[in-house]
Amino acid sequence: MPASGRTAARGCSADRVALTPPEPPDGLLGPAAIRELAAELELRPTKQLGQNFLHDANTIRRIVRTAGLAPDDVVLEVGPGLGSLTLGLLPASAAVTAVEIDPRLAARLPRTVAERRPDLADRLTVVEADALRISELPGPPPTALVANLPYNVAVPVLLHLLDLLPTLERALILVQAEVAERLAAPPGGGAYGVPSVKAAWYGEVRRAGNVGRRVFWPEPNVDSGLVALVRRPPPEGDRRATFAAVDAAFGMRRKSLRAALARWAGSPAAAETRLRAAGIDPSTRGEQLSVTDFARLAATDEVQP
């Protein structure tokens, strides 16, 4: 009996070890490391900050590979959290500037990198700030945005950074699947709306893959998607004026543009005049217009009452 008991104990121990995924060999954070760091910081992820941390090394590698980074790229990462994606980005780029709003995470990130990839620690710059409020960044200007963006502010953060940082040549962001669909939607579909048009102002947008919920801790109740953007010159016209027309058109998206743009133009008749001047049928709805159409509309002369 004693011998059998020791054998059984060893078997149970082996089972427990087998159930614990091994740590990735390249310094990336696995599930165990994520939980250890969270426990050390007494961190309880909050929905308010959109804190869902990636813990799957294969997903990290896939994101970095999809980003198509060059050795001289300077990467901007928003919401690095515990450092999962940061550790994947550092070997693939010249430098990473990580913007983190949580002071505990911002303070811990440099130490995490120094512990797991000391050879790359000098490539990291951490900025403790709200990405929606930053007006400048230290160091060389970033050329690529790669980030697991908090679901609740993903679109405003993306648009703010694209406007603030003209050096960003491309972006790859991980967002809620529904948001990914909206950002990459072409004109004419139900998913096409304000995010679609405004993102298209800055570049060509496409879906770049799906990401399941099980690769996050804590696990969100929705799936995620990757969205890629490659910058191109914006349409001719004024961005603010164009975006104002976009907001007005989709504020009442079920109505014709003649009706939806009445307040924007001053009256339904004025809206019709401007629409016709832009070569747009006043009975059309906003979801039928491309970003170029909206820019052309915004550039028409105001109609005096």
Side-chain angles (χ1 to χ4, degrees), residues 20-61 63-64 67 69 73-134 136-140 142 144-154 157 161 172-175 211 214-220 224:
T20 303
E23 283 295 296
D26 46 4
L28 299 180
L29 295 172
I34 287 288
R35 283 169 172 76
E36 288 173 5
L37 283 169
E40 173 196 320
L41 297 172
E42 298 182 347
L43 176 67
R44 294 182 178 180
T46 68
K47 288 185 178 181
Q48 182 181 2
L49 296 179
Q51 292 175 324
N52 297 95
F53 304 115
L54 281 166
H55 62 65
D56 181 68
N58 287 330
T59 301
I60 298 295
R61 298 184 190 108
I63 292 171
V64 174
L69 299 172
D73 268 320
V74 176
V75 177
L76 171 61
E77 183 187 6
V78 173
L82 294 166
S84 305
L85 182 56
T86 313
L87 287 161
L89 292 169
L90 287 167
S93 58
V96 173
T97 300
V99 178
E100 174 56 58
I101 192 172
D102 190 318
R104 296 167 299 171
L105 297 175
R108 185 62 171 88
L109 184 56
R111 187 151 58 95
T112 300
V113 171
E115 291 168 355
R116 302 183 79 88
R117 288 304 303 264
D119 55 319
L120 302 176
D122 62 345
R123 297 187 186 183
L124 175 66
T125 300
V126 178
V127 177
E128 182 188 325
D130 182 344
L132 280 171
R133 297 181 181 277
I134 58 173
E136 60 181 0
L137 290 171
L145 168 67
V146 185
N148 170 25
L149 292 180
Y151 288 165
N152 54 342
V153 293
V157 166
L161 294 176
L172 181 71
I173 58 172
L174 180 59
V175 295
V211 176
R214 293 184 178 181
V215 300
F216 295 95
W217 177 80
E219 186 176 308
S224 301

Please identify each residue that fulfils side-chain contact (heavy atoms from CB on, under 4.5 Å) with [X], with sequence neighbours left out.
{"X": "A129", "result": "V99, V127, I134"}
{"X": "P110", "result": "V126"}
{"X": "R117", "result": "L87, P91, D119, L120"}

Query raised in the report: Between L109 and V113, does a side-chain contact (heavy atoms from CB on, under 4.5 Å) hold up when you go through it step by step?
Result: CA-CA 6 Å; L109 184 56; V113 171; 4.3 Å; yes
[atom1]-[atom2] distance between [X] and [Y], expressed to the nearest 0.5 angstrom:
{"X": "I63", "Y": "N58", "atom1": "CD1", "atom2": "CG", "result": "11.0 Å"}
{"X": "D102", "Y": "D130", "atom1": "CG", "atom2": "CG", "result": "12.0 Å"}
{"X": "L145", "Y": "L76", "atom1": "CG", "atom2": "CG", "result": "5.0 Å"}
{"X": "W217", "Y": "N52", "atom1": "CH2", "atom2": "CG", "result": "10.0 Å"}

Check [X] against [Y] and note the closest heavy-atom contact, atom names and distance.
{"X": "T125", "Y": "P138", "result": "CG2-CG, 4.0 Å"}
{"X": "V78", "Y": "A131", "result": "CG1-CB, 3.7 Å"}
{"X": "A121", "Y": "A114", "result": "CB-CA, 4.2 Å"}
{"X": "I60", "Y": "G88", "result": "CG2-CA, 4.0 Å"}
{"X": "L90", "Y": "R123", "result": "O-NH1, 2.8 Å"}

Query - Residues E128, E100; criterion side-chain contact (heavy atoms from CB on, under 4.5 Å); working and verdict - result: CA-CA 5 Å; E128 182 188 325; E100 174 56 58; over 6 Å; no
Considering residues at least two apart in sequence or located in another chain, which fulfil the side-chain hydrogen bond (donor to acceptor under 3.5 Å, both in side chains) criterion with [X]?
{"X": "D56", "answer": "T59"}
{"X": "S224", "answer": "Y151"}
{"X": "D122", "answer": "none"}

Query raised in the report: Tell me, do I173 and V146 make a side-chain contact under 4.5 Å, heavy atoms counted?
Result: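 Side chain of I173 against side chain of V146, heavy atoms only: no contact under 4.5 Å found.
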Query - Beyond-backbone contact of V64 with L85, side-chain heavy atoms, under 4.5 angstrom - result: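 Touching, per the 4.5 Å side-chain cut-off.
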**Report entry** side chain to side chain donor-acceptor pair (under 3.5 Å) contacts in which one or both residues fall within residues 75-92, not counting sequence neighbours
**Finding:**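 Only E77-T86 qualify under side chain to side chain donor-acceptor pair (under 3.5 Å).
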Would you be so kind as to tabulate the donor-acceptor pairs closer than 3.5 Å made by side chains of residues 33-40, with sequence neighbours excluded?
{"from": "E40", "atom 1": "OE1", "to": "R108", "atom 2": "NH2", "distance (Å)": "3.2"}
{"from": "E40", "atom 1": "OE2", "to": "R108", "atom 2": "NE", "distance (Å)": "2.8"}
{"from": "E40", "atom 1": "OE2", "to": "R111", "atom 2": "NH2", "distance (Å)": "3.3"}

Query raised in the report: Are any side-chain N or O atoms of H55 and backbone N or O atoms of R214, one a donor and one an acceptor, separated by less than 3.5 Å?
Result: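 Yes: the side chain of H55 pairs with the backbone of R214.
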Query raised in the report: After noting the C-alpha distance and the side-chain angles of F53 and L43, does the key distance pass the side-chain contact (heavy atoms from CB on, under 4.5 Å) rule?
Result: CA-CA 12 Å; F53 304 115; L43 176 67; 3.6 Å; yes
Query raised in the report: What residue pairs, at least two apart or across chains, pass salt bridge (Lys or Arg N to Asp or Glu O under 4.0 Å) with a residue in residues 86-98?
Result: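 Passing the test, one end in residues 86-98: no pairs.
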Query raised in the report: How far apart are the C-alpha atoms of L124 and T97, what are their side-chain angles, what is the distance that settles it, and do they pass the side-chain contact (heavy atoms from CB on, under 4.5 Å) test?
Result: CA-CA 6 Å; L124 175 66; T97 300; over 6 Å; no
